[in-house]
Amino acid sequence: MPHLDTTSDEPRKSTGTPLKRCLGKGALAVGVCMLACAGLVLHQSKAYGLLARIHHGLIICTPGTGLSMTAGSAGLPHQNNPGMLRLELASQDDGRVIVVPGSNPLNEVLASSRRAHTLLMLDLNDTNPTDVALLVRKARMRDRVVLVPSSKETTEVALQADPSILVAIPVHSTREAYAAHRMAGHHPYAAYLSPNAAPDLFTLVHRDAEAVITENPIATNFQPDEFLAERPVDIVVTPQTSQVSRTLARDS
């Protein structure tokens with residue numbers, strides 16, 4: 001009995017091919033979308049970074065006087081969140097790092113600061129710089145924080161704690177300016193100058209440091225525009241936030 005010929009000269013077409021093609025195109029579209037979103041997130045993250053903000057103008061830092069934790073503020077001031085906030089840190093007996101006055105955990109303040117795009121200047125005081133740097137890394141705030149050590153020893157520890165977190169080093173003379181640059185090495189650092197320092201010293205440290213920090217002079221006749229005109233400053237710590245902001249906005 002002859003066998004039926006089951007072969008054919010025409011190539012077979014898989015019934016699943018159109019579906020696979022559709023799924024492949026869908027996966028490609030999703031991949032492209034995810035890459036675009038990741039790029040946008042990275043761009044936004046860098047845009048809110050400390051060095052990016054410095055590039056676009058002077059950063060006004062408000063000294064913190066303690067924070068109140070609420071569901072809405074999450075540890076930040078209730079109104080008009082500043083561009084940068086200076087906070088005092090302390091260590092508790094259980095090893096936790098908190099913000100004082102008060103007892104707000106630093107990790108929670110860092111998280112809320114990231115959401116609010118607020119930069120932070122952290123006075124380390126008696127805390128361990130390594131512990132603080134770890135919390136900053138976990139909060140993804142490495143490019144939005146300046147650490148202010150309390151001594152030369154803590155400065156050296158802070159510089160070793162993380163390769164990219166900005167560390168403030170006090171500078172009072174030309175000799176100290178060169179010493180700070182040698183101490184930092186390849187680590188990014190900020191030179192912290194007294195407002196009474198000579199304008200030439202501001203110019204010198206501005207050449208080597210990633211940022212120059214100072215405070216406004218304690219004087220009744222303080223004029224921000226005149227003070228900053230002859231001093232290259234990136235971050236000014238001032239309780240007179242509104243006055244400085246208004247003056248700079250008027251002159252810009």
Side-chain angles (χ1 to χ4, degrees), residues 40-65 76-87 109-110 112-123 136 139-148 164-171 177 180-181 184 187-219 221-252:
L40 179 61
V41 169
L42 181 61
H43 172 74
Q44 292 288 355
S45 176
K46 290 183 178 296
Y48 291 116
L50 179 62
L51 297 183
R53 299 270 277 275
I54 287 174
H55 180 73
H56 286 91
L58 179 72
I59 296 175
I60 300 175
C61 179
T62 304
T65 56
L76 293 178
H78 295 285
Q79 297 177 346
N80 301 324
N81 286 348
M84 174 175 265
L85 190 64
R86 182 168 189 170
L87 302 176
V109 174
L110 286 167
S112 59
S113 298
R114 180 174 175 80
R115 290 193 295 270
H117 308 305
T118 302
L119 305 175
L120 294 178
M121 185 180 297
L122 303 178
D123 282 280
V136 171
R140 294 179 295 166
M141 286 280 287
R142 298 166 77 187
D143 62 337
R144 307 185 193 186
V145 165
V146 179
L147 302 181
V148 184
S164 61
I165 299 176
L166 208 64
V167 176
I169 303 178
V171 173
H181 188 61
H187 193 290
Y189 74 100
Y192 201 129
L193 274 69
S194 164
N196 299 321
D200 289 346
L201 187 57
F202 279 85
T203 302
L204 174 64
V205 298
H206 189 264
R207 182 189 64 191
D208 296 324
E210 295 289 340
V212 178
I213 305 172
T214 193
E215 303 169 6
N216 69 271
I218 302 176
N221 59 345
F222 168 62
Q223 298 295 327
D225 49 349
E226 295 179 6
F227 176 76
L228 297 171
E230 53 184 10
R231 296 170 178 83
V233 174
D234 300 302
I235 303 172
V236 59
V237 183
T238 174
Q240 303 171 349
T241 306
S242 299
Q243 176 189 347
V244 175
S245 299
R246 285 196 301 269
T247 302
L248 296 178
R250 182 191 65 206
D251 296 338
S252 62

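Values below: all heavy atoms of this structure, side chains included; hydrogens, waters and symmetry mates excluded.
Contact detail for His187 and Ser164: the closest heavy-atom pair is NE2-N, 4.2 Å. When all heavy atoms of Arg114 and Ala139 are compared, the closest pair comes out as CD-O, 3.3 Å. Annotation for Ala168 and Ile213: closest pair CB-CD1, 4.2 Å, computed over non-hydrogen atoms. Minimum interatomic distance between Ala209 and Ala191 (heavy atoms only, all atoms of both residues): CB-N, 3.9 Å.
With contacts defined as side-chain heavy-atom distances shorter than 4.5 Å, the pair Leu110/Val136 qualifies. Between Asn216 and Pro195 there is no side-chain heavy-atom pair separated by less than 4.5 Å. Using a 4.5 Å heavy-atom cutoff, the side chains of Val237 and Pro63 are in contact. Looking at heavy atoms from C-beta onward, Arg231 lies out of side-chain contact with Thr214 at the 4.5 angstrom threshold. In this structure, Arg144 and His117 have side chains that are in contact, with non-hydrogen atoms separated by less than 4.5 Å.
Here the side chain of Ser113 pairs no donor or acceptor atom with the backbone of Thr118 at under 3.5 angstrom. At least one donor-acceptor pair closer than 3.5 Å links the side chain of Arg53 to the backbone N or O of Gly83.
Asp234 contributes atom CG, which lies 7.5 Å from atom CG of Leu58 (distance to the nearest 0.5 angstrom). The structure places CD1 of Ile235 at 5.0 Å from CD1 of Ile59, a figure rounded to the nearest 0.5 Å. Between the CE atom of Met141 and the CD1 atom of Ile165 there is a distance of 10.0 Å, given to the nearest 0.5 Å. With rounding to the nearest 0.5 Å, the separation of CE in Met84 from CD1 in Ile54 is 7.0 Å.
In summary, of the residues considered (Leu120, Leu119, Leu50), a side-chain contact (heavy atoms from CB on, under 4.5 Å) with Val145 occurs for Leu120 alone.
Every ring-ring contact (aromatic ring centres under 6.0 Å, His included) that Phe227 has, sequence neighbours left out, goes to Phe222.
Residue pairs meeting the side-chain hydrogen bond (donor to acceptor under 3.5 Å, both in side chains) criterion with at least one member in residues 188-201, sequence neighbours excluded, are Arg86-Tyr192, His181-Tyr189, Tyr192-Glu215.
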